[in-house]
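Both ligands and their constituent atoms are indexed starting at 1 by order of listing.
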Amino acid sequence: MSAGITLKRHIKTKSATALPVADLALIMERIELIAARITRQLSLAGLDGLGYTGETNVHGEKVKKLDEWGNKVFLEAFEHRDPVCSLISEEMDEPHHYSSNCRENNYCVLYDPIDGSSNTDVNGSLGTIFAVKKRAPGHGAGIDDILVPGSQQLIAGYILYGPAAQLAYSAGAGVDIFTLDRTLGEFILWKENVKMPPHGTTYAVNQGNVGKWHDGARKFVAHITSRKDKRTSYSLRYCGAFAADFHRCLLEGGIFMYPAEVAEGGKPKGKLRLMYELAPLSMLAEQAGGRGSTGKQRILDIAATAIHERHPIYIGSAEEVALAESFKVEG
Ligand code: FDP
C-alpha cells in the first residue's frame, strides 16, 4: 500500500486559503497531534476507567472524565501560543487567553473536545469539532472580535473517532478528509474537495423528542417518512454524536436536525452550541455544497451574543434543508 499524501504535505499545496498557509500549517499540526492523542486514549477507553467526574459543566450536564481530559489536551497543545492566543471550549465557562495582548496574525480556536460523549461508555462513535477565528491585534480578554458570525471562520473541521479516525477540514478552499494511518502516525489524504450530494435517503434526529417540537418539524419528519415514493421514504440513522451523524450527510447526503423544543420543560433553543458545533459544521456543509440553517436563518449569518449560546439546527443536503424550511419547522 502506498503511504499516500500526508496532511502536512497536502497543506503545502493549498492556495486561496482564508489565512496564510504558514499559519494554517502551524494550527493543523497541533490539531493533528490532538487527534492522535485522543485516538490513542479512546483505543484504551474500556481499560482506562471512564465515567463521570462528579462535576456539572456550564450547560448543566454531568462532566465525563474524558471531556475534561480532552479539554486539557487542547490547552496543552496550544500552550506555546504562536499563532493561537485564545481558546473557547464547551468545557470551560470562560475563554482561556494565553496572552492578554493578541498580536497580528493571532487566532482563537473554538472547540468541543469530545462530541457525543454519551457514547463513550458503549464504545460508540465520538468526535471533536473545531473552528478558528482571527483575533484583532491588541485584544486580550475582550472577545467582541470572536463573537462575529460564523461566515468569518477561517478554518473549521472535525475529527471522527469511528472504526478509523478521520479528520475533515476546510480553510475556505473546499473540504478534504484524511484518515489516520495508526502504524505511520500520520493522517493520509482520503478524499479531496468533497461534494455533498444534493439530496440523500437518510435523516438523523433524536426522534424520541418528537412530541416537544414545533408542528412544522413534526410535519416535516412525517412527510419524509410517509412512503409514497422514493423522496418520502427516508431511513432514520442516528449515532447521537453530531460529528458522526454529519459525516454521513457529508458523504451520502440527507439531513441532521436538532429542533427547538417548545413543550414545557424542553430545550427552547435546541441543544447544540453555535460557536463550536453548529458554525464549524455549517462551514463544512457550505464548502461541500450543502447548507446549515436554524430552520429560519443561515447559521453562518448569526453573530453570537454569548460563547455557549444554542440554536436549532437543520444541516445537510441543500434540497432537504430547503424542504425543512418550507415546512416552517421552527414556526
Ligand atoms: P453529547 O451530549 O452526548 O455530547 O454535543 C452534544 C451532543 O452529544 C451531540 O453530539 C449529539 O448530536 C447530541 O448531543 C445528542 O443529544 P441527544 O442525547 O439529546 O440525542
Are any side-chain N or O atoms of E309 and backbone N or O atoms of A306, one a donor and one an acceptor, separated by less than 3.5 Å? yes
Quick one: does K267 get an N or O within less than 3.5 Å of an N or O on ligand 1? no
Quick check for you: to the nearest 0.5 Å, what is the distance between I302 atom CD1 and L147 atom CG? 13.0 Å
Hey, is E90 touching ligand 1 through its side chain, its backbone, both or neither, going by heavy atoms under 4.0 Å? neither
Give the atom numbers and elements of ligand 1 that come within less than 4.0 Å of a heavy atom of D115. 5 (O), 9 (C), 10 (O)
Inspect the contact between R9 and E186 and indicate whether a charged nitrogen and a carboxylate oxygen are less than 4.0 angstrom apart. no
Judged by heavy atoms only, the candidate from V205, T120, N206, D112 nearest atom 17 (P) of ligand 1 is N206
Tell me the nearest of G116, G240, G127 to atom 11 (C) of ligand 1, using heavy-atom distances. G240
Can you list the ligand 1 atoms lying under 4.0 Å from a non-hydrogen atom of S117? 1 (P), 3 (O), 4 (O)
Closest heavy-atom approach to atom 15 (C) of ligand 1 among F256, F242, Y238 is made by Y238
Answer yes or no for C108 and C85: SG-SG distance under 2.5 Å. no
State, without any angle test, whether Y158 and D115 hold a side-chain donor-acceptor pair at a distance under 3.5 Å. no
Is any N or O atom of D245, backbone or side chain, closer than 3.5 Å to an N or O atom of ligand 1? no
Who gets closest to atom 6 (C) of ligand 1 by heavy atom: L272, D67, N209, I313? L272
Side chain to side chain contact (heavy atoms under 4.5 Å, CB included) test vs L300 passes for just one of S151, S293, P149, namely S151
Please verify the inter-ring angle class for Y238 with F256; under 30° counts as parallel, over 60° as perpendicular, anything in between as tilted. parallel
